[in-house]
Amino acid sequence: MLDLQLIKDQTQKVVALLAKKGFTVNFDDLLKDAQLRKQLLLDVEQVKAEANKLSASVPEAKKAGRDVQAIFSQVKVLNQSIQGKEQELKALELKIENFLLELPNLPDEDLKEGGKENNEAIRIVGKQPSFPFKIKDHVDIAEHLGIIDYQRAAKISGAGTWIYRGLGAQLEWALLNFFMSEHLKDGYEMVLLPHLLNYESGLTAGQFPKFKDDVFWLKKTEPEKFLLPTAETGLVNLHRDEILDGSQLPKKYFAYTPCYRYEAGSYRSEERGMIRGYQFNKVELVQYTREEQSPAMFLELVAKASSLVEKLGLHFRVSKLAAGDCSHSMARTHDIEVYIPSLNIYKEVSSVSNARDYQARRGKIRYKDPTTQKTKFAHTLNASALATSRIVPAILEQYQLANGDVKIPDVLVPWMGGLTVIGKQK
RNA sequence: GGAGAAAUACCCAAGUGGCUGAAGGGGCAGGCUUGGAAAGCUUGUAGGUCCUUAACCGGGCGCGAGGGUUCAAAUCCCUCUUUCUCCGCCA
C-alpha cells in the first residue's frame, strides 16, 4: 500500500513512477475524498469531545444533587447530530482504503521503464556449455532415466503435474537439503508453514485483491482459504499486526513449501515439461528490516541466491528487471536466470525483491526505531533460494553426458549418498 | 462434529455501568550495596493509532474483532475469531 501522505505531497511524482510500471492513475477523486474525510473527522471528533465532557460531569452533578436529565438529553441530541456524518465518514474511509489497496508498489527510481524487453543482464556467471553430441531436452533425459513420470501424474492428478521417482525424487530432495543447509549456515531461521492461508494473508502480501483468481481456493473452509502460491505469502505475514524491536532487525527466515499456482492458459508450447505447473517446490527467504537496512539486505539476498546456482556449477545470469516487469507489490526485483540448453534461453530460478514498506503498510508490520523510539513501517524482502522445478531441468540439461546419463553436481554428491552419476533406472 | 471455560498493557493478573487508559506483581531502566555479580533496598517506567500543533498542549478511537443497549461500557446484550479442557472421529 502506498502512503496517502506521499500521494498528497508528491502527486505528480507518484503518477510518473507508476507510469514507469505501465500503470495509469488519476488521483483527483482520491485527493478530494481525503480532503472531505478530514473535514468530517474534525466535525465528528469535536462533537464527540463535547458529548464526552458532558457525560463525564454526570457523577459530579448527581452528588451535588443537580438535575441530570438535562445533561442526558443534551448529550443525546449531540450524538444524534453526528450520526449521519459518522456513517459518511466510515464509508469514505473504506473507499479510500480500497482504492489504495489496488495500487501497485512504486518502482525504485533507478529502474528502466517498460517491460521485459528492458530488463538488463547485470552479471553473467559461467558460459554456455557446448556438447560434442546431440543434446536432449530435460523431458527426454528425465524419461530416459526414469526419474520423472509424467504419464502416471496425469493419471492420478491431471495435466500440469509430474511425479519425481527414485533418483529423481532423491535429486529434488538433495537440492532442497543443500539449499536449506546453506541458509542455516547463514543464520536464517527455518520455518515450516501451514499451506492453507486466510484472505488477510493474501492481502498483506499484495496478492489480493488484484490476483485473487491466480490461487487455488478451498471451498470447504469457512471463510474460504487458499493454498499458498509461495512461502513468501506465509512468511511475510508472520509479523502482521506486530511492532518489532528495531534493534532485533533484520529478521531472516526461510521456509520450504510446495507452491500451488493456478495459471490457466499460461503454459507455452516451447516450454516442455516441468518448467511450469500447478505445483512446484521452493525454498523461500524473507527478511524484515529497518528502512535503512533494506538496500544492503537486498544485495545480500541476490548474492545468496546467486551463490547457490554458482555452487551447483550452472551457467546463469542476473537480470535487473525493468519497472514494468517487477511484480505488483515490489519496488525492485533482480531475477536469477539459469541457462536451459535445449531452449537456448535463460529461465528464472529465483526472483529477489524488495517490497520496501508496501507489504508492511498493508499488514501493519512495524518496528520501534532503536534511536528515535518512533514506530515505523518495516521493509520486507524476499528471494527464492531456490525453485527446484527450473533447477532440475537445468541440471539435467547442463550436466548431461553422451550416453544419456547425468552427472551430479559436486555439492549435491554428499546429499545423494555419494552417488556421482544418475544412470538409467530399472 | 458435541459440551464447557477463557481472551485486559512486554508477561502474570485485579477489575460487573461513571474521577479506571485500567489496582497489584513480574520485567525493564537508573541509584544504593558489592572486588564483580546475584540477592536485598530504592527511584523511575504504561502501550498503539488518528486529528490538530513548529513544538508543548489538546482531542477522537482503544481491555480478542465487529455490532448493539445507555447520557455513560473492560463491565450488560448479540455475532464472529482464537485458545484451553472433556467427549467423538482421525494421520
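A note on names: the letters A, B, ... follow the listed sequences, proteins ahead of strands, and every chain is numbered from 1.
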Looking only at atom [atom1], what distance separates [N] and [M], rounded to whole Å?
N	M	atom1	result
B:G17	B:A13	C1'	22 Å
B:A37	B:G31	P	11 Å
B:U70	B:U75	C1'	13 Å
B:G27	B:C11	P	15 Å
B:G4	B:C10	P	33 Å
B:A73	B:G64	P	15 Å
B:G21	B:A72	P	16 Å
B:A23	B:A14	C1'	6 Å

- [ ] Run the numbers on A:C326 and A:L111 for side-chain contact (heavy atoms from CB on, under 4.5 Å), then give the verdict.
- [x] CA-CA 10 Å; A:C326 293; A:L111 301 191; 3.8 Å; yes

[N] [atom2] sits how many Å from [X] [atom1], rounded?
X	N	atom1	atom2	answer
A:D43	B:U52	CG	P	13 Å
A:Q46	B:G59	CD	P	13 Å
A:K364	B:A65	NZ	C1'	13 Å
A:L89	B:C51	CG	P	12 Å
A:L40	B:C50	CG	P	19 Å
A:E200	B:G64	CD	P	19 Å
A:L78	B:G60	CG	P	13 Å
A:L94	B:G66	CG	P	14 Å

Open item on the list: Of the options B:G60, B:G18, B:G48, whose atoms approach the side-chain atoms of A:R366 most closely?
Closed with: B:G48

Task: Listed nucleotide nearest any side-chain atom of A:S55, set B:C51, B:G48, B:G18 - done: B:G18

Quick check on [N]: is either OP1 or OP2 less than 4.0 Å from any side-chain nitrogen or oxygen of [X]?
X	N	result
A:K90	B:G67	yes
A:K48	B:G60	no
A:K38	B:U52	yes
A:K76	B:A72	no
A:N198	B:U81	no
A:N52	B:A72	no
A:T375	B:U49	yes

TODO: Decide whether a cation-pi geometry holds between A:K304 and A:Y188; the criteria are a distance under 6.0 Å from NZ or CZ to the six-membered ring centre and an angle within 45° of the ring axis.
DONE: yes

TODO: Dot-bracket for RNA chain B, please, read 5' to 3', with Watson-Crick or G-U wobble pairs under 3.5 Å on both distances, ( ) within the strand, [ ] crossing, | other strand, . unpaired.
DONE: ((((((((.[[[..)..(.....]]]((((((.......))))))..((((......))))..[[[[[..)....]]]]])))))))....

TODO: Answer with yes or no whether A:K62 presents, from its side chain, a donor or acceptor under 3.5 Å of a partner atom in the base of B:G18.
DONE: yes

Task: Ring-ring centroid check A:W217 A:F226, cutoff 6.0 Å - done: yes

Task: Distance-only donor-acceptor check, side chains A:Q74 and A:Q69, under 3.5 Å - done: no

Task: Comparing A:N79 and A:V44 on RNA chain B - which has the more 5′ nearest nucleotide - done: A:V44

- [ ] Assign each of A:A49 and A:P59 to its nearest nucleotide of RNA chain B by heavy atoms, then name whichever residue's nucleotide is nearer the 5' end.
- [x] A:P59

Open item on the list: Just to be sure I understand the rule, does A:L41 reach a base, reach only the sugar-phosphate, or reach nothing, if contact means heavy atoms closer than 4.0 Å?
Closed with: sugar-phosphate

Open item on the list: Taking any heavy-atom pair under 4.0 Å as a contact, classify A:K53: base, sugar-phosphate, or nothing.
Closed with: nothing

TODO: Work out which heavy atom in A:P107 is nearest to a heavy atom in A:A323; give both atom names and the distance.
DONE: CB-CB, 3.8 Å

TODO: Among A:I141, A:I395, A:L171, find the one that has a side chain to side chain contact (heavy atoms under 4.5 Å, CB included) with A:I422.
DONE: A:L171

Can you tell whether the side chains of [X] and [Y] come within less than 4.0 Å, N to carboxylate O?
X	Y	result
A:R366	A:E242	no
A:K116	A:D325	yes
A:E86	A:K48	yes

